[in-house]
S.K.: 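My structure is below; once you've seen it, I'll send some questions.
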Number of protein chains: 2
Amino acid sequence: MGKKVTFSEAKSCPIQFVLALNDTLNVITGKWKLPIIGTMLFNKKRFSEIQKIIPKITPRMLSKELKDLEMNGIVKRTVFDTVPVTVEYELTDSAKALGKVLDKMLEWGLQHRETTLSGSND
Amino acid sequence: MGKKVTFSEAKSCPIQFVLALNDTLNVITGKWKLPIIGTMLFNKKRFSEIQKIIPKITPRMLSKELKDLEMNGIVKRTVFDTVPVTVEYELTDSAKALGKVLDKMLEWGLQHRETTLSGSND
DNA sequence: TATATCGATATACAAAAGTATAGTGCTGTA
DNA sequence: TACAGCACTATACTTTTGTATATCGATATA
């Protein structure tokens, strides 16, 4: 855990940096990942709760994305031995730290809209 | 231009924030956008130069992505009236400011690898 | 008995993103 | 004349991503 590296330095020692950048992209790209993460920002959620919050997502996609996010260390899945089973999803600490990234993305996006996109509405 | 907003606040006033986040995602997602931006980080480049730096990209994709990036205010395209025509691509100021976002993404990615992915190599 | 809830899975399909390969019009050089 | 370089475009295709719709097995409720 150590020295802070910047994007510009990436050119000199790319492989692990490329992988790290890629990891970050993987957990925020796609139509549903951010919406799903958003539902869990302040509380753990159950499958059906997420479905209620994001009505347009199909169970297939929600299931797939949750598995994906779990495999990537973004959500923790806890199964309770009730009948029928109860399953809770919550963000990992690492996922919560994503806020810093999203803040920067938001900041850039707003700046970009102010400066260069002013006029176009897409 | 003004007050700084955080991701957490987005819940209270979402629409424009969602759009801004989306803009940011749009300019960094896809297989080739970051590699292409990378080629122009320190100098303007011509079509064929980018092709040499990223040999695996097809002219179709490079053309498409450059158009896309131009439309989104990330690259500036300058045509010189030579024969045959010379075309130069360079990053806009806004694009250069993306470095801050990428730095955060890199930082998170490295942290995430250190803490939660240690063990898995994908 | 019929229907609803829970957390999903199965199958088939459509749309978006990316690849492969060839060709364009122009000119300068061998 | 033949070929190479420049900045692309055209057509057809494959892969990845997302959608639509139906269903599972267990239980609780009407």
Side-chain angles (χ1 to χ4, degrees), chain A residues 18 21-40 43-72 74-91 122, chain B residues 18 21-40 43-72 74-91 122:
Chain A
V18 170
L21 250 180
N22 224 313
D23 286 350
T24 311
L25 273 174
N26 280 340
V27 306
I28 58 178
T29 57
K31 185 169 180 181
W32 299 114
K33 294 228 177 63
L34 282 186
I36 291 170
I37 290 172
T39 64
M40 291 176 280
N43 296 299
K44 48 184 73 166
K45 287 280 179 315
R46 293 168 59 182
F47 194 92
S48 50
E49 292 181 290
I50 302 177
Q51 278 188 301
K52 268 163 214 151
I53 299 170
I54 314 174
K56 297 197 170 180
I57 198 170
T58 61
R60 182 190 205 270
M61 283 310 285
L62 182 52
S63 176
K64 187 187 149 292
E65 297 291 53
L66 284 171
K67 255 178 209 157
D68 218 87
L69 292 169
E70 193 194 356
M71 283 206 327
N72 284 307
I74 302 304
V75 312
K76 184 171 166 254
R77 182 178 187 266
T78 313
V79 182
F80 295 94
D81 197 9
T82 56
V83 271
V85 284
T86 307
V87 181
E88 276 183 358
Y89 295 93
E90 61 188 309
L91 296 182
D122 52 356
Chain B
V18 170
L21 249 180
N22 224 313
D23 286 350
T24 310
L25 273 174
N26 280 340
V27 306
I28 59 179
T29 58
K31 185 168 182 182
W32 299 114
K33 294 226 177 65
L34 282 186
I36 291 169
I37 290 172
T39 64
M40 291 175 280
N43 296 298
K44 48 183 75 165
K45 286 279 178 317
R46 292 168 61 180
F47 194 93
S48 51
E49 292 182 291
I50 302 177
Q51 277 188 302
K52 268 163 215 151
I53 299 170
I54 313 175
K56 297 196 170 181
I57 198 171
T58 60
R60 183 189 202 269
M61 283 310 286
L62 182 51
S63 175
K64 187 188 149 291
E65 296 291 55
L66 283 171
K67 255 177 207 157
D68 218 87
L69 292 169
E70 193 193 356
M71 283 207 327
N72 285 306
I74 303 304
V75 311
K76 184 170 166 251
R77 181 177 187 267
T78 314
V79 182
F80 295 94
D81 197 9
T82 56
V83 270
V85 284
T86 307
V87 182
E88 277 183 357
Y89 295 93
E90 62 188 309
L91 295 182
D122 53 353

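Naming convention: chains lettered A, B, ... in sequence-line order (proteins, then strands); numbering from 1 in each chain.
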S.K.: Can a side chain N or O of B:Lys67 be found less than 4.0 Å away from OP1 or OP2 on D:dT9?
M.R.: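 It does, given that an N or O in the side chain of B:Lys67 lies less than 4.0 Å from OP1 or OP2 of D:dT9.
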
S.K.: Rounded to whole angstrom units, what separation is found between the CE atom of B:Met61 and the C1' atom of D:dA7?
M.R.: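 In whole Å, D:dA7 C1' and B:Met61 CE are 17 Å from each other.
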
S.K.: Please confirm whether the shortest side-chain N or O distance from A:Lys31 to OP1 or OP2 of C:dA16 is below 4.0 Å.
M.R.: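 No, because none of the side-chain N or O atoms of A:Lys31 sits under 4.0 Å from OP1 or OP2 of C:dA16.
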
S.K.: Quick check: on DNA chain D, is the nucleotide nearest A:Pro84 upstream (toward 5') of the one nearest A:Gly30, or the reverse? Name the residue that is more 5'.
M.R.: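 That would be A:Gly30.
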
S.K.: For the pair B:Ile36 and B:Tyr89, evaluate side-chain contact (heavy atoms from CB on, under 4.5 Å) and give the outcome as yes or no after the intermediate values.
M.R.: CA-CA 10 Å; B:Ile36 291 169; B:Tyr89 295 93; over 6 Å; no

S.K.: Look at the side chain of A:Lys52 and decide which nucleotide, out of C:dA8, C:dC6, C:dT19, has an atom nearest to it.
M.R.: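 My answer, after comparing the listed nucleotides, is C:dC6.
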
S.K.: Is the distance from OP1 or OP2 of C:dA20 to the nearest side-chain N or O of B:Thr58 less than 4.0 Å?
M.R.: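 Negative; the distance criterion is not met.
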
S.K.: Has the side chain of A:Ser63 got a donor or acceptor atom that lies under 3.5 Å from a matching backbone atom of A:Arg60?
M.R.: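 No.
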
S.K.: When you get a sec, tell me which of C:dA8, C:dT19, C:dA22 is the closest nucleotide to the side chain of B:Pro59?
M.R.: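 The nucleotide sitting nearest to the side chain is C:dA22.
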
S.K.: Of the listed nucleotides (C:dG18, D:dG18, D:dC6), which one gets closest to any side-chain atom of B:Ser48?
M.R.: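 So the nucleotide nearest the side chain must be D:dC6.
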
S.K.: From CG of A:Leu62 over to P of C:dC6, roughly how many Å is that when rounded to an integer?
M.R.: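 Atom-to-atom, A:Leu62 to C:dC6, this comes out as 13 Å.
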
S.K.: Provide, to the nearest angstrom, the distance between the CD1 atom belonging to A:Ile57 and the P atom belonging to D:dT21.
M.R.: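 In whole Å, D:dT21 P lies 17 Å from A:Ile57 CD1.
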
S.K.: Could you work out which one of D:dT27, C:dT19, C:dT27 sits closest to the side chain of B:Trp32?
M.R.: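 Of the candidates, C:dT19 comes closest.
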
S.K.: Using the closest heavy atom to pick a nucleotide of DNA chain C for each, name whichever of A:Gln51 or B:Thr29 lands nearer the 5' end.
M.R.: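 Nearer the 5' end of the strand: A:Gln51.
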
S.K.: How close or far is atom P of D:dA7 from atom OH of B:Tyr89, stated in whole angstroms?
M.R.: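 In whole Å, D:dA7 P lies 8 Å from B:Tyr89 OH.
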
S.K.: Taking atom P of C:dA8 as reference, at what distance in whole Å does atom CD of A:Glu88 sit?
M.R.: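 About 12 Å, once rounded to whole Å.
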
S.K.: Would you check, one step at a time, whether the test side-chain contact (heavy atoms from CB on, under 4.5 Å) holds for B:Val75 with B:Glu70?
M.R.: CA-CA 5 Å; B:Val75 311; B:Glu70 193 193 356; 4.0 Å; yes

S.K.: What contact category does B:Phe80 fall into here, base, sugar-phosphate, or nothing, at under 4.0 angstrom with non-hydrogen atoms?
M.R.: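 B:Phe80: no heavy atom of the nucleic acid under 4.0 Å.
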
S.K.: Please report the C-alpha distance between B:Trp32 and B:Lys56 in whole Å, then the side-chain angles of each, then the deciding distance to 0.1 Å, and finally whether the side-chain contact (heavy atoms from CB on, under 4.5 Å) criterion is met.
M.R.: CA-CA 10 Å; B:Trp32 299 114; B:Lys56 297 196 170 181; 4.0 Å; yes

S.K.: Rounded to whole angstrom units, what separation is found between the NZ atom of A:Lys56 and the P atom of D:dG18?
M.R.: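 So the NZ-P distance, A:Lys56 to D:dG18, works out to 16 Å.
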
S.K.: Rounded to whole angstrom units, what separation is found between the NZ atom of A:Lys45 and the C1' atom of C:dG7?
M.R.: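 Distance, rounded to whole Å: 17 Å.
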
S.K.: Mind calculating the distance between NZ (B:Lys64) and P (D:dT9) to the nearest angstrom?
M.R.: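 After rounding, the gap between these two atoms is 13 Å.
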
S.K.: Might you confirm whether atom NZ of B:Lys33 has over 12 heavy atoms from other residues, nucleotides or ligands at distances under 6.0 Å?
M.R.: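 More than 12 heavy atoms, drawn from other residues, nucleotides or ligands, come within 6.0 Å of this atom.
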
S.K.: Is there a side-chain polar atom (N or O) of B:Ser63 under 4.0 Å from OP1 or OP2 of D:dT9?
M.R.: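 B:Ser63 to D:dT9 OP1/OP2: side-chain N or O found under 4.0 Å.
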
S.K.: Less than 4.0 angstrom between a side-chain N/O of B:Arg60 and OP1 or OP2 of C:dG18, yes or no?
M.R.: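 B:Arg60 to C:dG18 OP1/OP2: no side-chain N or O under 4.0 Å.
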
